Number of protein chains: 2
Amino acid sequence: MPNIREVAEYAGVSVATVSRTLQQPERVSPKTRSRVMEAVQATGYKPNLMAVKFRSGKTHNLVVLVPTVANVFFARVISGMQEAAAEQGYALLLANTMGDSRVEEDYAKMVQTSQADGLIQLRAFNPFDDAMANAQGLLPMVNACEVLDAVPCPTVTLDNRAAARAMTEHLLSLGHTRIAMIKGPQASPLTRERLAGYRDALTSAGICYDDALLFPGDFTLSAGYQAAGSILKSRERSTAVFCENDETAMGAMQHFKQAGLRVPEDISVAGFDDIAFAAYCDPPLTTIAQPAEEFGRTAVSQLLDVLSGRTRRAPKIIIPFDLVVRQSTGPAPDTTHSSHIKEVAS
Amino acid sequence: MPNIREVAEYAGVSVATVSRTLQQPERVSPKTRSRVMEAVQATGYKPNLMAVKFRSGKTHNLVVLVPTVANVFFARVISGMQEAAAEQGYALLLANTMGDSRVEEDYAKMVQTSQADGLIQLRAFNPFDDAMANAQGLLPMVNACEVLDAVPCPTVTLDNRAAARAMTEHLLSLGHTRIAMIKGPQASPLTRERLAGYRDALTSAGICYDDALLFPGDFTLSAGYQAAGSILKSRERSTAVFCENDETAMGAMQHFKQAGLRVPEDISVAGFDDIAFAAYCDPPLTTIAQPAEEFGRTAVSQLLDVLSGRTRRAPKIIIPFDLVVRQSTGPAPDTTHSSHIKEVAS
DNA sequence: GTGAAAGCGCTAACAA
DNA sequence: TTGTTAGCGCTTTCAC
C-alpha cells in the first residue's frame, strides 16, 4: 500500500500538497492538482483512514449492542440504523450480546478505548463502568426500544404502555374478559410497561386483574409454544391471549391449533411488533406495528447529536405505534369455559 | 481521556515503562509494576486502541457484507460470525447492502483504506475494484453461502445442488410428478445450483423438466405469496411446490390456504434453510436445515487464516445439510388436477 | 530494569 | 500557492 509520501515523491510535490489536493482541491493550482491526481492514479494510493482517525480522534464508528440479531424486530431496527449511519459516514460495530453483560461491557469499552465514538443500546442496561458514569454531562450513548431511566442519555422508545392498553382494549371490545398475557423477559422494563398498559385497560373496564393469567416468556417462538401449554392446562381458560411480541404469539397459536382450538373462534391471539411473518401466519396476526427502521434511524441521529454537542439534555423520543387488526382476534366465544379442550365443529 | 504520558508522569517513570508494564509485565520489576498499575488506576487510563491499531497496521475489524440483516437465515449466520470473531479479538463491521453494489464497494473500500483487515461476503459479487483484483495471491476475503468462482478466495458453502436434489427426491418419493419451483433472486449462483439439483432429481427419475413449472421469487414472504398465485392460475396445477427458502414457502403456503387448498393433502410445500419459524407454521414446514451459525464461524476462521498467511490456496468448504421432513409435504393427491380450487372437505 | 527517541501516515499551523 | 515541520498515542529498538 503506497502512502502519501510516495505519491508526493511521484508527483514531485510535498506531502502537504497531496493532502491539500485531496481535502481542499480549490486551494491548489490546477496544474499541481492534476499532477497530484495523476500520481494518485499511478500509484494506486488509498489514504490510510486508520491514520486519519487516529489523528482526528474521531473514529466514525458506532457500537450497537443488540441482545440478538436473530430477532426479526431488531434486524429491522438495525437496518434503519445502518442506513442513517452510512448517510453520515459512520459505520456500525455490531455486538450480538446474547444478554451476556460481559460481552456488553467489552464492547462498551470500545468507546472508552477510542475505537468507537458512541454506543446504541437496545436493552435496558448501562454498559459503562463507574469511571464513565461519574463523568459529567451526557454519556455518548442512546437507549433505543427499552427505557433506561437511571442513565443520562437520550431514549428512543415506543409508548409501550399505551400500545399495550390499546391492544387490551381491542380485546375487551370484542367481549373478552379473561385475557391471558405471555410476558417478555423478566428483567426488561419494556415488559413491565406493557404489563402496566394491560392493567390500565382492565382497570378502566372494571375488570379485576388476576396474576394467574400472566405467563412467563422470553420473546421466542418456543417460549410462546410452551406458555400456551400452560394456558391450556389452566382451570379456567382464557378466551384471549395477548403476547408481548409476535414470535411468542406465533408459537402460542401453533400450540392452540395443534390442541384442536380454532383461532380466533375459540381463542383470540394478539402479538406485538408486526414483524413480516405476522401478516403471513394462519390466521394473520393482530398486532402492534412499530416503525422499526425509524427507531434505528432516530437512535442514530440522536447519538450523532450528542456526539456533536448539539444535545445537552437527554430527550425522550416517543415513536408512534399502530394497532393492526387482522384475523387472529375475534369475538369472545359465549360458552362457559369449563371444558379443557373444545371439540372442533365444522 | 488521560494518555500514556500522563500515566508515566504520575508514576514517575517513562512512557516506555508504562507500555511495557501493560504489554509484558514480567519484564518490569515488581516495584515499578505496582507503581505503574497504581497510576493507571488513579488516572483512569484506557489505552487508545485507535493509536495501537494505527501503529500496528492491524485493525482487528472485519467487514461483513450482508444483502439484508432482516433475513432470518443471515441473522443466524451473523450470530456465528460475531461469536467466532469476538473470540479472536475481532469486531464485525456490518454492512447491510440491500443489494446495492455501490454500498458494497464503499464498504469494501474499508479494507483498502486500512479500516478493516478483511471482508466476508454473503453474496456472489466481487466488491473489490481492479487494483485489488490484480494483486497477487489471495484477497483478504471469504465468500460464504454463495459460490463465487471467479475470485481467488476461500468459499464456505452448502452443497446446494445436492440439497435441492434431496428435497426433490423426497417429493418424488411421495408420488409427486408435477413439482413447481419458486426460485430465488435471478443473479444468485445459489439459485442456479438449487435449480440444477432439482433438474438432476427429475432427470434421474425420468421425468421431463418443464420450464412452465418455474416461478420467479426473491426470498421474501410476499414473493412466495405472489408466486403461489401464479401457480394456482396455471392450467395444469402442480401437486407440490419446492421453494428456494423458507420465507418463500411460508408466503406460498399462506396463499394456498387462503385459496381453500389444504397443505399437504391438496398441495405439498417445501422450503429451504430451516429458520426458526419453519417449525412453527401451520403445517410445520419440510425444509433443508443448514447449520447457519457454523457457516458464520467457519467463514471467520477461514478469513483469519488468510489474514495470518496460514492459507495459501483458496479452499472450498462444504457445510453439511439435513433434510427435515415435517408436515407440509405428503403423498401426491391421486385426483386429476382439472379444477382450479378444490372444495375443502372435512 | 529502565529511559530516550524514532516513527507508523496523516493534517494543519506556520513560513516562505 | 507550496513547503516545512510538529505531533496525534503508542510500541519498540537501542543504549545505558
Side-chain angles (χ1 to χ4, degrees), chain A residues 1-40 42-61 89 109-117, chain B residues 1-40 43-61 89 109-117 131:
Chain A
M1 277 280 129
N3 61 21
I4 201 172
R5 226 185 46 242
E6 297 177 45
V7 179
E9 279 164 16
Y10 189 101
V13 298
S14 73
V15 291
T17 300
V18 176
S19 176
R20 260 192 302 260
T21 307
L22 266 23
Q23 306 306 321
Q24 324 160 42
E26 71 282 1
R27 294 175 40 94
V28 168
S29 80
K31 235 181 77 187
T32 336
R33 198 189 307 160
S34 66
R35 202 136 44 89
V36 170
M37 294 315 272
E38 215 169 279
V40 167
T43 55
Y45 171 69
K46 305 270 184 209
N48 179 335
L49 293 190
M50 217 61 189
V52 174
K53 289 174 172 187
F54 160 58
R55 190 179 192 286
S56 69
K58 295 269 158 256
T59 65
H60 284 247
N61 288 157
K109 247 176 225 138
M110 300 186 80
V111 176
Q112 303 172 50
T113 57
S114 312
Q115 295 184 83
D117 300 337
Chain B
M1 276 282 127
N3 62 20
I4 199 171
R5 226 186 45 243
E6 298 177 46
V7 178
E9 278 164 17
Y10 189 102
V13 298
S14 72
V15 293
T17 301
V18 176
S19 176
R20 259 192 301 261
T21 307
L22 265 23
Q23 307 306 320
Q24 326 159 44
E26 70 283 1
R27 297 176 36 97
V28 169
S29 80
K31 235 181 74 187
T32 331
R33 199 190 306 159
S34 66
R35 203 138 42 91
V36 170
M37 293 317 269
E38 217 169 277
V40 168
T43 54
Y45 171 68
K46 305 269 185 211
N48 179 334
L49 293 190
M50 217 63 188
V52 174
K53 289 174 172 187
F54 160 58
R55 190 182 191 285
S56 70
K58 296 266 157 258
T59 65
H60 284 246
N61 287 157
K109 249 176 224 136
M110 299 186 81
V111 176
Q112 303 173 48
T113 57
S114 311
Q115 296 184 83
D117 299 336

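For clarity, every value in this text was computed on a predicted model and none was experimentally measured. We name chains A, B, ... by the order of the sequence lines, and we start the count at 1 in each one.
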Rounded to whole Å, how long is the line connecting atom [atom1] of [X] with atom [atom2] of [N]?
| X | N | atom1 | atom2 | value |
| --- | --- | --- | --- | --- |
| B/E6 | D/dG9 | CD | C1' | 11 Å |
| A/Q23 | C/dA13 | CD | C1' | 15 Å |
| B/R5 | D/dA6 | CZ | C1' | 13 Å |
| B/I4 | C/dG7 | CD1 | P | 19 Å |
| B/Q24 | D/dT12 | CD | P | 7 Å |
| A/K53 | C/dC8 | NZ | C1' | 17 Å |
| A/R35 | D/dT1 | CZ | P | 15 Å |
| B/K46 | D/dG9 | NZ | C1' | 17 Å |

Scan B/S19 against the nucleic acid and name what it touches under 4.0 Å (heavy atoms): base, sugar-phosphate only, or nothing.
base
Answer yes or no: is there a donor N or O on one side and an acceptor on the other, between the side chain of A/T59 and the main chain of A/D117, under 3.5 Å?
yes
Determine yes or no for a side-chain-to-main-chain donor-acceptor pair under 3.5 angstrom, with A/S114 supplying the side chain and B/L49 the backbone.
no
Below 4.5 Å, heavy atoms only, C-beta onward: do A/M37 and A/L22 meet side chain to side chain?
yes
Any donor-acceptor pair under 3.5 Å joining the side chain of B/R33 to the base of C/dG1?
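It does not, because no donor-acceptor pair links the side chain of B/R33 to the base of C/dG1 below 3.5 Å.
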Side chain of B/R55, base of C/dG9: donor and acceptor closer than 3.5 Å?
no
Please figure out whether A/P2 or A/R27 has its closest DNA chain C nucleotide nearer the 5' end.
A/P2
More 5' along DNA chain D: A/E26 or A/A16, using each one's nearest nucleotide?
A/E26
[options]: which one has an atom nearest the side-chain heavy atoms of [X]?
| X | options | answer |
| --- | --- | --- |
| B/V52 | D/dC10, C/dG3, D/dG3 | D/dC10 |
| A/S14 | D/dG3, D/dC10, C/dC10 | D/dG3 |
| A/S29 | D/dC10, D/dT2, C/dG3 | D/dT2 |
| A/A51 | D/dT2, D/dC10, C/dC10 | C/dC10 |
| B/Y45 | C/dC10, C/dG3, D/dC10 | D/dC10 |
| B/T32 | C/dC10, D/dG9, C/dG1 | C/dG1 |
| B/F54 | D/dG9, D/dT2, C/dC10 | D/dG9 |

Looking at CG of B/N61 and CE of A/M50, how far apart are the two atoms once the value is rounded to the nearest 0.5 Å?
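Between B/N61 CG and A/M50 CE, I get 6.0 Å after rounding to 0.5 Å.
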Rounded to the nearest 0.5 Å, what separation is found between the CZ atom of B/R5 and the CG atom of B/N3?
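If we round to the nearest 0.5 Å, B/R5:CZ and B/N3:CG are 5.0 Å apart.
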Using only side-chain N and O atoms of A/N48, determine if any of them is under 4.0 Å from OP1 or OP2 of C/dG9.
no
B/V28 vs B/V36, test: side-chain contact (heavy atoms from CB on, under 4.5 Å). Steps then yes/no.
CA-CA 10 Å; B/V28 169; B/V36 170; 5.8 Å; no
